[in-house]
A.B. asks: 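If you scroll down you'll find the structure; I have some questions about it.
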There are 2 protein chains.
Amino acid sequence: MKFSKATNYALHTMLFLAAFPPNKLIGVQQLAERQEVSPTYLSKILTKLVKAGMIESTSGANGGYRLKRNWEEISFLDVIHAIEGSASLFDCEMNHGSECLVQKVMVSAEEKMEDFLKNQKLSEIAKKMTVVL
Amino acid sequence: MKFSKATNYALHTMLFLAAFPPNKLIGVQQLAERQEVSPTYLSKILTKLVKAGMIESTSGANGGYRLKRNWEEISFLDVIHAIEGSASLFDCEMNHGSECLVQKVMVSAEEKMEDFLKNQKLSEIAKKMTVVL
DNA sequence: TCAATTATGGACTTTATGTGCCCATAATAA
DNA sequence: TTATTATGGGCACATAAAGTCCATAATTGA
C-alpha cells in the first residue's frame with residue numbers, strides 16, 4: 001500500500017509547469033533532469049497526463065509540454081487518478097452479491113482522503129512553492 | 001496503490017472474533033474456511049495480530065485464537081497498521097534535506113483517512129453486523 | 001509417556017506490478 | 001531533408017504480495 005513513484009513524478013511535473021511561463025513549451029529532457037528520472041520513463045507518465053487532458057504536447061524541434069487552459073482547477077486528486085486510476089483502494093471479493101460492511105467503512109475512509117485531495121488545487125499549492133527555474 | 005488482501009482477511013477475522021463467544025478458542029482451520037483462504041496463509045496473518053497484542057493464541061489440541069481483553073478499543077486503523085505497517089503512503093525521495101510541499105499535502109491527506117479509521121472501533125462495527133456463526 | 005492436534009517460523013515458488021530501457025515510428029521545425 | 005521531439009510497443013529487472021511446504025514447538029487427551 002504505497003503511492004507509486006510515477007504519481008510523485010506527475011505531481012512534481014504539474015507543479016513545475018504551473019510555475020513555468022505559460023504557453024512556453026518544455027521538453028521531457030529538462031523535466032527529467034530536474035527530477036533525476038530517465039526521460040523515457042517520464043515520457044510515459046506525461047503521455048498519461050496528456051490523455052487525461054491536463055497538459056498538451058507538441059512534437060518536433062522546440063516541442064515539448066505545457067499546461068492546458070483549464071489547469072488552474074486541476075486538483076491533486078485529478079493527477080493521482082490520471083496515473084493510478086480511479087478504482088477503490090479496497091476490494092472485498094467475499095460476500096458475493098451482498099454488501100460488505102468492512103468494504104463500506106474502507107470506502108468511506110478513502111473518501112475522506114479524496115475529499116481533501118480534491119480541494120488541493122495545483123494553482124493554490126504552486127503559489128506556496130518556491131521553484132527555482 | 002491498493003490495500004492488500006491480507007488486510008482484508010485480518011479485518012474480517014477480527015470482526016468475526018468480536019461476534020464470537022468471548023474466551024472461546026477458534027482454530028485457524030475454521031477461520032480460513034469462512035474466508036475461503038488457505039489456513040497456512042491466514043496463520044501468518046494471525047501471527048501478526050498476536051504480535052500486535054490484539055489476539056492471543058493457544059497451541060495444542062482444542063487450541064486456537066481469541067481476542068485479548070482490551071479488544072473493544074481496537075480500531076480499524078490499528079488492524080491495518082498491524083498488517084501493512086505504519087509507514088507513510090507517500091515518499092518524496094527528492095529534495096534531500098529540504099522539506100517537500102507535495103509530501104506535506106500527501107501526508108495531510110493520509111491523515112484525513114487515518115483519523116476516520118481511528119474512530120471505527122471493532123466493537124461498534126461488530127454491533128452493526130449480522131454474523132452467521 | 002505417547003500420539004494427535006494446533007500454532008510458529010523458515011524457506012521457497014508463483015504471480016503481479018512498478019520501474020526503467022531500447023528502438024521504431026510519427027510529427028514538426030529549421 | 002535533416003534534426004528534434006513525442007508516442008508506443010516490447011522487453012528486462014526489481015520488488016512485493018500471495019500462497020505453499022515442511023520442520024518444530026506446545027498442548028491436550030488417552
Side-chain angles (χ1 to χ4, degrees), chain A residues 1-13 17 24-33 35-68 80 82-85 87 89-94, chain B residues 1-13 17 24-33 35-68 80 82-85 87 89-94:
Chain A
M1 173 76 165
K2 280 270 181 193
F3 284 99
S4 66
K5 288 186 181 184
T7 294
N8 192 7
Y9 295 140
L11 286 169
H12 275 87
T13 300
L17 290 177
K24 196 151 173 255
L25 293 165
I26 180 171
V28 71
Q29 289 288 347
Q30 298 162 69
L31 290 170
E33 278 171 20
Q35 309 190 44
E36 293 175 342
V37 59
S38 84
T40 43
Y41 184 45
L42 186 59
S43 78
K44 306 263 178 185
I45 295 165
L46 294 179
T47 298
K48 282 190 180 181
L49 297 177
V50 169
K51 295 199 169 158
M54 297 178 182
I55 60 178
E56 56 189 2
S57 65
T58 310
S59 290
N62 300 317
Y65 300 89
R66 69 181 161 202
L67 295 172
K68 292 195 76 169
I80 293 168
I83 304 299
E84 310 231 352
L89 302 185
F90 193 86
D91 294 321
C92 188
E93 296 179 356
M94 323 180 198
Chain B
M1 173 76 166
K2 279 270 180 191
F3 284 99
S4 65
K5 289 188 181 182
T7 294
N8 192 5
Y9 295 142
L11 287 169
H12 275 88
T13 300
L17 289 177
K24 196 152 174 252
L25 293 166
I26 179 170
V28 71
Q29 289 289 347
Q30 297 163 70
L31 290 170
E33 278 172 20
Q35 308 190 45
E36 292 174 344
V37 58
S38 81
T40 44
Y41 185 46
L42 186 60
S43 78
K44 308 263 178 189
I45 295 163
L46 295 178
T47 299
K48 282 190 179 180
L49 297 178
V50 169
K51 294 199 169 157
M54 297 177 181
I55 59 176
E56 56 190 0
S57 64
T58 311
S59 288
N62 299 318
Y65 300 88
R66 70 182 160 201
L67 295 172
K68 292 195 75 169
I80 293 167
I83 304 300
E84 310 232 352
L89 301 184
F90 192 85
D91 295 322
C92 187
E93 295 179 356
M94 323 180 197

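Quick note: numbers below take in every heavy atom, side chains included, and nothing from hydrogens, waters or symmetry partners. Reminder, nothing fancy here: chain letters follow the sequence lines and each chain counts from 1.
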A.B. asks: What does A/Val28 touch in the nucleic acid at a heavy-atom separation under 4.0 angstrom: a base, only the sugar-phosphate, or nothing?
C.D. replies: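 Sugar-phosphate, backbone atoms only, no base.
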
A.B. asks: Taking only the side-chain heavy atoms of A/Val37 (C-beta and beyond), determine which of C/dG20, D/dA18, C/dT8 contains the nearest atom.
C.D. replies: C/dG20

A.B. asks: Nearest to the side chain of B/Tyr65, heavy atoms from C-beta on, is which of C/dG20, C/dA7, C/dG18?
C.D. replies: C/dA7

A.B. asks: Could you tell me if the side chain of A/Glu56 sits less than 4.5 Å from the side chain of A/Arg66, heavy atoms only?
C.D. replies: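 Answer yes - side chains close enough.
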
A.B. asks: Scan nucleotides 23-30 of chain D nucleotide by nucleotide, 5' to 3', and note B when protein non-hydrogen atoms come under 4.0 Å of the base, S if they reach only the sugar-phosphate, - if neither.
C.D. replies: ---BBSS-

A.B. asks: State, with a plain yes or no, whether a side-chain heavy atom of A/Met1 is found less than 4.5 Å away from one of B/Met1.
C.D. replies: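 A/Met1 reaches B/Met1 side chain to side chain.
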
A.B. asks: Take atom CG of B/Leu31 and atom C1' of C/dT6, then tell me their distance rounded to the nearest Å.
C.D. replies: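 From B/Leu31 CG to C/dT6 C1': 13 Å.
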
A.B. asks: At their closest point, which heavy atom of A/Ala87 faces which heavy atom of B/Lys2, and how far apart are they?
C.D. replies: CB-NZ, 4.1 Å

A.B. asks: Could you give the CD-to-C1' distance, from A/Glu56 to C/dT28, as a whole number of Å?
C.D. replies: 15 Å

A.B. asks: Using a 3.5 Å distance criterion without hydrogens, assess whether the side chain of B/Asn8 forms a donor-acceptor pair with backbone atoms of A/Asp91.
C.D. replies: yes

A.B. asks: Taking the side chain as everything from C-beta on, heavy atoms only, tell me whether A/Ile55 gets closer than 4.5 Å to A/Leu17.
C.D. replies: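 Answer yes - side chains close enough.
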
A.B. asks: Give the nucleotide from the list D/dG8, D/dA6, C/dA7 with an atom nearest to the side chain of A/Lys51.
C.D. replies: D/dG8

A.B. asks: Write down the atom of A/Met54, the atom of A/Ala82, and the distance for their closest heavy-atom approach.
C.D. replies: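 Minimum heavy-atom contact is CE-CB, 4.0 Å.
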
A.B. asks: Side chains of A/Thr40 and A/Ser43: donor-acceptor distance under 3.5 Å anywhere?
C.D. replies: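 There is no such pair between these side chains.
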
A.B. asks: Backbone N or O of A/Phe3 within a donor-acceptor pair of the A/Glu84 side chain at under 3.5 Å?
C.D. replies: no

A.B. asks: Let me know the distance between CZ of A/Phe90 and P of D/dA17, rounded to the nearest Å.
C.D. replies: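 Interatomic distance, CZ of A/Phe90 to P of D/dA17: 15 Å.
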
A.B. asks: What's the CZ-C1' distance between A/Arg66 and C/dT28, to the nearest Å?
C.D. replies: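 Rounded to whole Å, this separation is 13 Å.
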
A.B. asks: Do any side-chain nitrogens or oxygens of B/Ser57 fall under 4.0 Å of OP1 or OP2 in C/dT6?
C.D. replies: no

A.B. asks: Decide yes or no for A/Thr7 and A/Ile45: does some side-chain heavy atom of the first lie under 4.5 Å from some side-chain heavy atom of the second?
C.D. replies: no

A.B. asks: Base, sugar-phosphate or nothing for A/Tyr9? Non-hydrogen atoms, less than 4.0 Å.
C.D. replies: sugar-phosphate

A.B. asks: Return no unless some side-chain N or O of B/Thr40 is found under 4.0 Å from OP1 or OP2 of D/dC21.
C.D. replies: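 So the side chain of B/Thr40 is outside the cut-off, no N or O lying under 4.0 Å from OP1 or OP2 of D/dC21.
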
A.B. asks: How do B/Phe3 and A/Gly64 order along DNA chain D: which one's closest nucleotide is nearer the 5' end?
C.D. replies: A/Gly64

A.B. asks: Just how far, in rounded Å, is P of C/dG20 from CG of A/Asn8?
C.D. replies: 11 Å

A.B. asks: Would you mind reading off the distance between B/Leu89 atom CG and D/dA16 atom C1', rounded to a whole angstrom?
C.D. replies: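 B/Leu89 atom CG is separated from D/dA16 atom C1' by 15 Å.
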
A.B. asks: Could you list by number each residue of residues 41-49 of chain A showing a heavy-atom separation from DNA chain D of less than 4.0 Å, or answer none if no residue does?
C.D. replies: A/Ser43, A/Lys44, A/Thr47

A.B. asks: Rounded to the Å, how far apart are A/Gln29 CD and C/dC21 P?
C.D. replies: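 Rounded to whole Å, this separation is 12 Å.
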
A.B. asks: How close do B/Val28 and B/Pro39 get, counting heavy atoms only, and between which atoms?
C.D. replies: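 Taking every non-hydrogen atom into account, CG2-O, 3.7 Å.
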
A.B. asks: Take atom CG of A/Asp91 and atom C1' of D/dA17, then tell me their distance rounded to the nearest Å.
C.D. replies: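 Rounded to the whole Å, the gap is 14 Å.
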
